[in-house]
Student: 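Could you have a look at this structure, given as structure tokens, before my questions?
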Amino acid sequence: MSAPMIYQKITKMIVILLFILCAPWLVLSNTQEEEIGEFFKSGHTNNWAVLVDTSRFWFNYRHVANVLSIYRSVKRLGIPDSHIILMVADDMACNPRNPRPATVFNNANQHINVYGDDVEVDYRGYEVTVENFIRVLTGRLPPSTPRSKHLLSDERSNILVYMTGHGGDGFLKFQDAEEVSNVELADAFEQMWQKRRYHELFFMVDTCQAQSMFQRFYSPNILAVASSHVGEDSLSHHVDPALGVYVIDRYTFYALEFLEKAKPGSKKTMGQFLKVCPKHQCISTVAVRTDLFQRDPNQVLLTDFFGSVRNVEILLNTLSLPNITLSSDTCSKSSCGNEEVSSRNLKYADQFPMPV
């Protein structure tokens with residue numbers, strides 16, 4: 001056998017050997033790429049929730065229970081208080097008619113106090129207005145507004161907007177004094193999209209003729225569900241004899257029944273959630289709008305809106321961070337004890353800022 005032929009055979013064997021050794025790594029690399037693509041397929045990096053109860057007075061106890069129940073569920077699934085804007089128009093826990101002060105229950109068995117020990121209400125009482133609600137969504141709050149009352153979302157935020165109260169064809173009442181129309185709400189969502197304040201938005205409303213509240217939406221990436229069609233009432237679920245009032249609405253009751261079975265790592269989908277409370281349970285007809293939403297709800301995880309996502313990127317190299325030290329003109333509490341106090345006059349921030 002000639003030397004060139006021997007050389008060709010050796011070369012071919014080396015190529016085959018290298019392929020055999022490298023093939024598992026190539027497969028692993030492709031698998032890792034698929035896993036990474038699966039990990040980031042939702043396209044969002046953080047979750048927010050805006051939960052609104054618009055009703056006052058003791059006989060509307062169920063609306064407070066509705067919103068506090070959803071609040072409890074999203075916190076349990078991982079959304080922290082810092083990413084939740086909770087608006088409650090009336091404090092049922094402290095109402096003189098409440099036989100069990102400092103509690104709100106969503107079930108006649110009274111086994112879960114949804115008011116709890118760690119409820120952080122951001123807007124309460126007469127702060128729950130149409131103006132404040134629209135300002136929260138669009139980010140147009142007065143400069144003196146505390147950071148905790150801001151919706152600090154961005155273009156990578158998935159936002160859950162839940163509303164409950166009394167409504168009609170094309171409007172939702174706020175405290176029996178004013179109302180927000182479906183046109184105003186649609187325009188507010190469009191402002192949010194133009195200002196890059198959300199990536200995807202899930203709108204959930206439990207009220208009479210609730211479908212009318214999302215009929216005027218025209219902004220992209222919005223998924224919506226309503227507890228009743230236009231012309232239908234949204235009904236209560238059951239009464240607590242000890243309280244003498246209805247304690248929860250039908251649609252929210254069955255939605256919570258579904259949410260209670262979910263965990264932070266749940267594989268339940270939004271498509272499954274949109275089917276909760278069929279007509280034989282709700283009596284009203286649940287309405288859904290998906291035409292503005294770009295993804296298939298059956299492929300969207302429930303936790304994309306009701307949970308919290310923290311995507312983590314693993315780096316193999318070490319990052320060198322600069323060593324930041326205090327400059328010579330700064331001082332500690334002990335070393336600055338004799339420094340002259342600034343003569344600038346201090347004043348309290350406006351508690352009720354007046355419009356300019």
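Along the sequence shown, the residues carry numbers beginning at 1. Because the structure is a prediction, the values reported are computed rather than measured.
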Student: Can you find a heavy atom in the side chain of Asp187 that is under 4.5 Å from one in the side chain of Ile134?
Tutor: no

Student: Membership question, hydrophobic clusters at under 4.5 Å side-chain separation (ILVMFWY): are Val205 and Val136 in the same one?
Tutor: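 They do share one cluster, since a chain of ILVMFWY contacts under 4.5 Å joins Val136 to Val205.
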
Student: Give me the ring orientation class for His199 and His44: parallel if the planes are under 30° apart, tilted from 30 to 60°, perpendicular past 60°.
Tutor: parallel

Student: Hey, does the side chain of Tyr198 reach the backbone of Ser153 with a donor-acceptor pair shorter than 3.5 angstrom?
Tutor: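 Not a single qualifying donor-acceptor pair exists.
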
Student: Could you tell me which non-hydrogen atom of Ile85 sits nearest to which non-hydrogen atom of Asp122, and how far apart they are?
Tutor: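 Taking Ile85 first and Asp122 second, the nearest heavy atoms are CA-OD2, 3.4 Å.
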
Student: Say whether Thr164 and Asp53, considering side chains only, have a donor N or O and an acceptor N or O under 3.5 Å apart.
Tutor: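 The criterion, which ignores hydrogens and geometry beyond distance, is not satisfied for Asp53 and Thr164.
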
Student: List in chain and number order the residues that pass side-chain contact (heavy atoms from CB on, under 4.5 Å) with Asp240, two or more places apart in sequence or in another chain; answer none if no residue qualifies.
Tutor: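 Asp240 satisfies side-chain contact (heavy atoms from CB on, under 4.5 Å) with Ala108, Gln110, Ala242, Leu243, Val247 only.
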
Student: Test your reading of the model: is there a side-chain donor-acceptor pair from Glu178 to the backbone of Thr129, 3.5 Å cut-off?
Tutor: no

Student: With a 4.5 Å cut-off on side-chain heavy atoms, are Leu86 and Leu68 touching?
Tutor: yes

Student: Students often mix this up, so state it plainly: with edges at 30° and 60°, are the rings of Phe305 and Phe293 parallel, tilted or perpendicular?
Tutor: tilted

Student: Show, in sequence, the C-alpha distance, side-chain angles and deciding distance for Arg124 and Asp91, and conclude whether the salt bridge (Lys or Arg N to Asp or Glu O under 4.0 Å) test is met.
Tutor: CA-CA 8 Å; Arg124 67 172 70 244; Asp91 192 355; 3.6 Å; yes

Student: Quick one: CG on Leu152 to CZ on Arg147, what's the gap to the nearest 0.5 Å?
Tutor: 5.0 Å

Student: Side chains of Asn158 and Asp304: any donor to acceptor distance under 3.5 Å?
Tutor: no

Student: Is there a path of hydrophobic side-chain contacts, each under 4.5 Å between heavy atoms, that joins Val288 and Leu292?
Tutor: no

Student: Between CZ of Phe203 and CD1 of Ile222, what distance do you get to the nearest 0.5 Å?
Tutor: 9.5 Å

Student: Can Phe214 be reached from Met192 by stepping across I, L, V, M, F, W or Y side chains whose heavy atoms are under 4.5 Å apart?
Tutor: yes

Student: Before you tell me yes or no, could you show the steps for Arg135 and Thr145 under side-chain contact (heavy atoms from CB on, under 4.5 Å), namely the whole-Å CA-CA distance, both residues' side-chain angles and the distance that decides it to 0.1 Å?
Tutor: CA-CA 11 Å; Arg135 285 183 178 275; Thr145 305; over 6 Å; no

Student: Side chains of Met163 and Met213: closer than 4.5 Å at any heavy-atom pair?
Tutor: no

Student: Mind running side-chain contact (heavy atoms from CB on, under 4.5 Å) on Leu51 and Ile84 for me, showing each step along the way?
Tutor: CA-CA 8 Å; Leu51 313 177; Ile84 301 174; 4.1 Å; yes

Student: Does Arg56 use its side chain to pair, donor to acceptor, with the backbone of Ala89 at less than 3.5 Å?
Tutor: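 Yes, the answer is positive, given that a donor and an acceptor are paired below the 3.5 Å cut-off.
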
Student: Classify the ring geometry between Tyr61 and Trp58 as parallel (under 30°), tilted (30 to 60°) or perpendicular (over 60°).
Tutor: perpendicular

Student: Between Arg197 (side chain) and Asp154 (backbone), is there a donor-acceptor pair under 3.5 Å?
Tutor: no

Student: Hey, does His150 have a side-chain heavy atom less than 4.5 Å from the side chain of Leu141?
Tutor: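 The answer is yes, as the side chains (C-beta and beyond) meet within the 4.5 Å cut-off.
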
Student: Determine whether Trp48 and Val50 make a side-chain contact, defined as any pair of heavy atoms from C-beta on separated by less than 4.5 Å.
Tutor: no

Student: Quick one: does any side-chain atom of Arg156 pair with a main-chain N or O of Asn46 as donor and acceptor, under 3.5 Å?
Tutor: no

Student: Heavy-atom distance under 4.5 Å between the side chains of Leu256 and Ile70, does that happen here?
Tutor: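 Side chain of Leu256 against side chain of Ile70, heavy atoms only: contact under 4.5 Å found.
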
Student: If you measure from CG on Asp90 to OG1 on Thr54, what distance do you get to the nearest 0.5 Å?
Tutor: 11.5 Å

Student: A side-chain contact here means heavy atoms from C-beta on lying under 4.5 Å apart; do Phe258 and Gln272 qualify?
Tutor: yes

Student: Could you tell me whether a side-chain N or O of Ser228 sits under 3.5 Å from a main-chain N or O of Gln209, the two making a donor and an acceptor?
Tutor: yes

Student: Considering only heavy atoms from C-beta outward, does the side chain of Tyr71 approach that of Val67 to under 4.5 Å?
Tutor: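 SC-SC contact between Tyr71 and Val67 ruled out.
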
Student: If you look at every heavy atom in Arg76 and Leu259, which pair is closest and at what distance?
Tutor: NH2-O, 2.7 Å

Student: Please test Val161 against Met204 for side-chain contact (heavy atoms from CB on, under 4.5 Å), starting from the C-alpha separation and ending with a verdict.
Tutor: CA-CA 6 Å; Val161 178; Met204 180 179 174; over 6 Å; no

Student: Quick check for you: to the nearest 0.5 Å, what is the distance between Lys261 atom NZ and Lys268 atom NZ?
Tutor: 7.0 Å

Student: Same cluster or not: are Tyr162 and Phe273 linked, directly or through other Ile, Leu, Val, Met, Phe, Trp or Tyr residues, by side-chain heavy atoms under 4.5 angstrom apart?
Tutor: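 Same cluster.
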
Student: Thr207 side chain to Gly167 main-chain N or O, any donor-acceptor pair under 3.5 Å?
Tutor: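 Yes.
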
Student: Could you check Asn132 against Tyr126 for side chain to side chain donor-acceptor pair (under 3.5 Å), going step by step and ending with a plain yes or no?
Tutor: CA-CA 10 Å; Asn132 281 343; Tyr126 291 110; over 6 Å; no

Student: Is the side chain of Glu184 donor-acceptor paired with the backbone N or O of Phe171 at a distance under 3.5 Å, no angle test?
Tutor: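 Absent.
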
Student: Which atoms form the tightest heavy-atom contact between Pro297 and Leu223, and what is the distance?
Tutor: CG-CD1, 4.2 Å

Student: Aromatic rings Phe133 and Phe174: how do their planes relate, parallel, tilted or perpendicular, breaks at 30° and 60°?
Tutor: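 Ring orientation of Phe133 relative to Phe174: tilted.
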
Student: So does Arg289 have more than 12 non-hydrogen atoms from other groups sitting under 6.0 Å from CZ?
Tutor: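 More than 12 heavy atoms, drawn from other residues, nucleotides or ligands, come within 6.0 Å of this atom.
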
Student: Quick one, Glu131 with Arg140, criterion salt bridge (Lys or Arg N to Asp or Glu O under 4.0 Å). Give me CA distance, side-chain angles, the key distance, then yes/no.
Tutor: CA-CA 10 Å; Glu131 179 183 355; Arg140 296 183 174 182; over 6 Å; no

Student: Give a yes or no on whether Tyr246 atom OH has more than 12 heavy-atom contacts from other residues, nucleotides or ligands under 6.0 Å away.
Tutor: no

Student: Can you give me the closest heavy-atom contact between Ser219 and Glu190, atom names plus distance?
Tutor: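 Shortest heavy-atom separation between Ser219 and Glu190 comes out as OG-OE1, 2.6 Å.
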
Student: May I have the step-by-step check of side chain to side chain donor-acceptor pair (under 3.5 Å) for Asn60 and His166, ending in yes or no?
Tutor: CA-CA 9 Å; Asn60 291 320; His166 289 290; 2.7 Å; yes

Student: Quick one: do Ile112 and Arg72 satisfy side-chain contact (heavy atoms from CB on, under 4.5 Å)? Show the steps, please.
Tutor: CA-CA 10 Å; Ile112 296 178; Arg72 174 183 175 274; 3.8 Å; yes

Student: Check whether the side chains of Asn182 and Ser212 place a donor and an acceptor atom closer than 3.5 Å, and report yes or no.
Tutor: no

Student: At their closest point, which heavy atom of Ala287 faces which heavy atom of His229, and how far apart are they?
Tutor: CB-CD2, 3.4 Å

Student: Test Tyr251 against every option in Ile283, Asn66, Asp206 by the side chain to side chain contact (heavy atoms under 4.5 Å, CB included) rule and name the one that passes.
Tutor: Asp206

Student: To the nearest 0.5 Å, how far apart are OG in Ser55 and CZ in Arg62?
Tutor: 7.5 Å

Student: Got more than 12 heavy atoms from elsewhere within 6.0 Å of NZ, Lys195?
Tutor: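 Yes, NZ of Lys195 has more than 12 neighbouring heavy atoms, counting only those of other groups under 6.0 Å.
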
Student: Donor-acceptor pair, distance only, cut-off 3.5 Å: does the side chain of Gln211 make one with the backbone of Ala226?
Tutor: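 Pair absent, no side-chain N/O of Gln211 close to backbone of Ala226.
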
Student: Would you give the length of the straight line joining atom NE2 of His237 to atom SG of Cys277, rounded to the nearest 0.5 angstrom?
Tutor: 8.0 Å

Student: Do Tyr115 and Met92 belong to the same hydrophobic cluster, where Ile, Leu, Val, Met, Phe, Trp and Tyr are linked whenever their side-chain heavy atoms lie under 4.5 Å apart, directly or via other members?
Tutor: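 Yes, Tyr115 connects to Met92 through the hydrophobic network.
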
Student: Closest heavy-atom contact between Glu232 and Thr285?
Tutor: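 Result for this residue pair: OE1-N, 2.7 Å.
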
